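Structure first, then comments.
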Amino acid sequence: MSTISKTILVTGGAGFIGSHVVRLFVNNYPDYKIVNGDALTYAGNLENLKDIQDKPNYVFERVDITDEAAVEQLFNKYKFDAVIHLAAESHVDRSITDPLSFVKTNVLGTVVLLNTCRNHWKGNYDGKLFYHVSTDEVYGTLGETGFFTEQTPYDPHSPYSASKAASDHFVMAYHDTYGLPVVMSNCSNNYGSHHFPEKLIPLMINNIKNSKPLPVYGKGENVRDWLYVEDHARAIDTIFHKGKLGASYNVGGFNEWKNIDLVHLLCSIMDKKLGRSSGESAKLITYVTDRPGHDLRYAIDATKLNTELGWSPSLQFEEGLEKTVDWYLANEEWVKHVTSGDYQHYYEEMYKGR
Ligand code: NAD
Ligand code: TYD
């Protein structure tokens, strides 16, 4: 057994991106102890980590990051060298119906973690790091052209993006005020396995499979820049090890899709996989009332991460999408588990009368 060189708290490690980050770090760095700190909300699922749960350098701790005393206890127990902070409320539609829980977890929770790092590291910052994982949605929306760079001013429009923007500002404020060693990244929309089916791609896959209506918001003209989740996890690995303290890095797929085109592509991939005739799944497309404050277009310029740290996306979108569909079709139990109970209620409430 190798000796432990670093103990890292990954918050939100039972969620979609967090589970990919935990898996990558546990497998690639046997000398790091990875503590997955997660409250296991509706979005957190330990089944996501079944393949690595027995590894000697992995531990799970159930913790709510808004609970100062519990976070303090965790830091006392593990004496963390670094935090990779992914825990968040992450779904825009939920933030529109319940903004306060976004403020609690995304803003208060982040400040609790920053404060605890500051108190525990006591100005002795050698080898310490607080890595904040954020989103491109803090930049607001683009028109038909242009890209978000690290210099684009923040202009969030949803309670979700406003709460993430506030958390980003706190992270940078702790760097500027207390010298806390921080690094941050702002990533575009992710897709891949273990994605909770409230977000566009897994929701559409699940509905296509079950021949349910495919709810496209507005005219389906909104554009997102899609990145394979394992490429995001690799970017986090790169930035964690090579990022400049106090810097932020944009992460994106150079891969823009209008929602409606993406839904058509998914329909055609799934027609083939499910043995349906061409065009059959697309008949399920239903235009529904738009999301309020719906950002038109996101597109990331990830040049800085590419030129300074050498990261680039590895997968073509069609290939990634096909792998993702295959995963969902092969993991019916996972889907059944996360879509039973509360999910049905959520779905009815969110989509009724739209
Ligand atoms: P997710 O919703 O799938 O997972 C969030 C995880 O955080 C869950 O495991 C949940 O149990 C945990 N959590 C929530 N509240 C908590 C609390 N109070 N204390 C402890 N744990 C709590 O989210 P995701 O899509 O994996 O996103 C992870 C991070 O990446 C978020 O910070 C998000 O803003 C950011 N991000 C996401 C995307 C995307 O496309 N999904 C893109 C860019 C950035
Ligand atoms: P989503 O996956 O919620 O990510 P975000 O809003 O954070 O970008 O949505 C992606 C896009 O898909 C967004 O433009 C909203 C749209 N959308 C639909 O058209 N129908 C849906 O049922 C959902 C969940 C999203």
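In each ligand, atom 1 is the first atom listed, and ligand 1 is the first ligand listed. Here the structure is a predicted model, which means the values were calculated and not measured.
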Provide, to 0.1 Å, the distance between [atom] and the closest protein heavy atom, together with that atom's residue and name.
atom                    : value
atom 8 (C) of ligand 1  : D38 OD2, 3.6 Å
atom 41 (N) of ligand 1 : I17 CD1, 3.7 Å
atom 2 (O) of ligand 2  : L200 N, 2.9 Å
atom 19 (O) of ligand 2 : Y217 N, 2.9 Å
atom 34 (O) of ligand 1 : Y160 OH, 2.7 Å
atom 3 (O) of ligand 2  : R291 NH2, 3.0 Å
atom 19 (N) of ligand 1 : I65 N, 3.0 Å
atom 31 (C) of ligand 1 : L86 O, 3.2 Å
atom 8 (O) of ligand 2  : R224 NE, 2.7 Å
atom 14 (O) of ligand 2 : H294 NE2, 2.6 Å
atom 4 (O) of ligand 2  : N189 ND2, 3.3 Å
atom 12 (O) of ligand 2 : N259 ND2, 3.3 Å
atom 40 (O) of ligand 1 : N190 N, 2.8 Å
atom 5 (C) of ligand 1  : A88 O, 3.4 Å
atom 24 (C) of ligand 2 : E198 O, 3.2 Å
atom 42 (C) of ligand 1 : S188 O, 3.3 Å

Is it true that [X] and [Y] have ring centroids separated by less than 6.0 Å?
X    : Y    : value
Y328 : H195 : no
F317 : Y228 : no
Y58  : F25  : no
F75  : H120 : yes

For ligand 1, find out whether one of its N or O atoms is nearer than 3.5 Å to an N or O atom of [X].
X    : result
T41  : yes
S90  : yes
T105 : yes
A39  : yes
D64  : yes

Any non-hydrogen atom of [X] lying under 4.0 Å from ligand 1?
X    : result
S134 : yes
V63  : yes
Y191 : no
G109 : no

Flag this pair as yes if the NZ/CZ of R118 is under 6.0 angstrom from the six-membered ring centre of Y178 and inside a 45 degree cone about the axis; otherwise no.
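Verdict for Y178: a cation-pi partner in R118.
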Any N or O on P215 sitting closer than 3.5 Å to an N or O of ligand 2?
yes
Min N/O separation M204 to ligand 2 under 3.5 Å
no
So if I count the atoms of ligand 2 from 1 in the order they appear, which ones are less than 4.0 Å from some heavy atom of V92?
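Atoms satisfying the 4.0 Å criterion: 6 (O), 7 (O).
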Should you measure from each heavy atom of H91, which atoms of ligand 2 turn up under 4.0 Å away?
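What qualifies from ligand 2 is 3 (O).
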Residue-level breakdown please: for N222 versus ligand 2, do any non-hydrogen atoms fall below 4.0 Å on the side chain, on the backbone, on both, or on neither?
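Side chain only.
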Part of T135 within contact of ligand 2 (heavy atoms, under 4.0 Å)
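Looking at T135 and ligand 2, no heavy atom falls under 4.0 Å.
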[X] atom [atom1]: more than 12 heavy-atom contacts under 6.0 Å:
X    : atom1 : value
Q344 : CD    : yes
H345 : NE2   : no
K336 : NZ    : no

Answer yes or no: is there a side-chain heavy-atom contact under 4.5 Å between [X] and [Y]?
X    : Y    : answer
K244 : V183 : no
L180 : C117 : yes
K199 : F16  : no
T152 : T149 : yes

Is there a side-chain contact (heavy atoms from CB on, under 4.5 Å) between E198 and R94 once you walk through the steps?
CA-CA 9 Å; E198 62 187 352; R94 286 186 194 256; 2.6 Å; yes
Taking atom types as modelled and ignoring hydrogens, do the side chains of N190 and D231 form a donor-acceptor contact shorter than 3.5 angstrom?
no
Without swapping roles, check the side chain of T141 against the backbone of D295 for a donor-acceptor pair under 3.5 Å.
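Checking the backbone N and O of D295 against the side chain of T141, no donor-acceptor pair under 3.5 Å is found.
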Going by the closest heavy atom to atom 4 (O) of ligand 1, which one wins out of C187, G15, S161, G12?
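Checking each option, the heavy atom nearest atom 4 (O) of ligand 1 is found in G15.
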Give a yes/no on ligand 2: does Y351 have at least one heavy atom closer than 4.0 angstrom to it?
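Under 4.0 Å: yes for Y351.
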Per-residue contact class, [X] against ligand 1 - non-hydrogen pairs under 4.0 Å:
X    : value
D136 : neither
T11  : neither
K164 : side chain

Step-by-step salt bridge (charged side-chain N to carboxylate O under 4.0 Å, His left out) determination, R297 to E256:
CA-CA 9 Å; R297 177 171 165 259; E256 292 180 49; 2.7 Å; yes
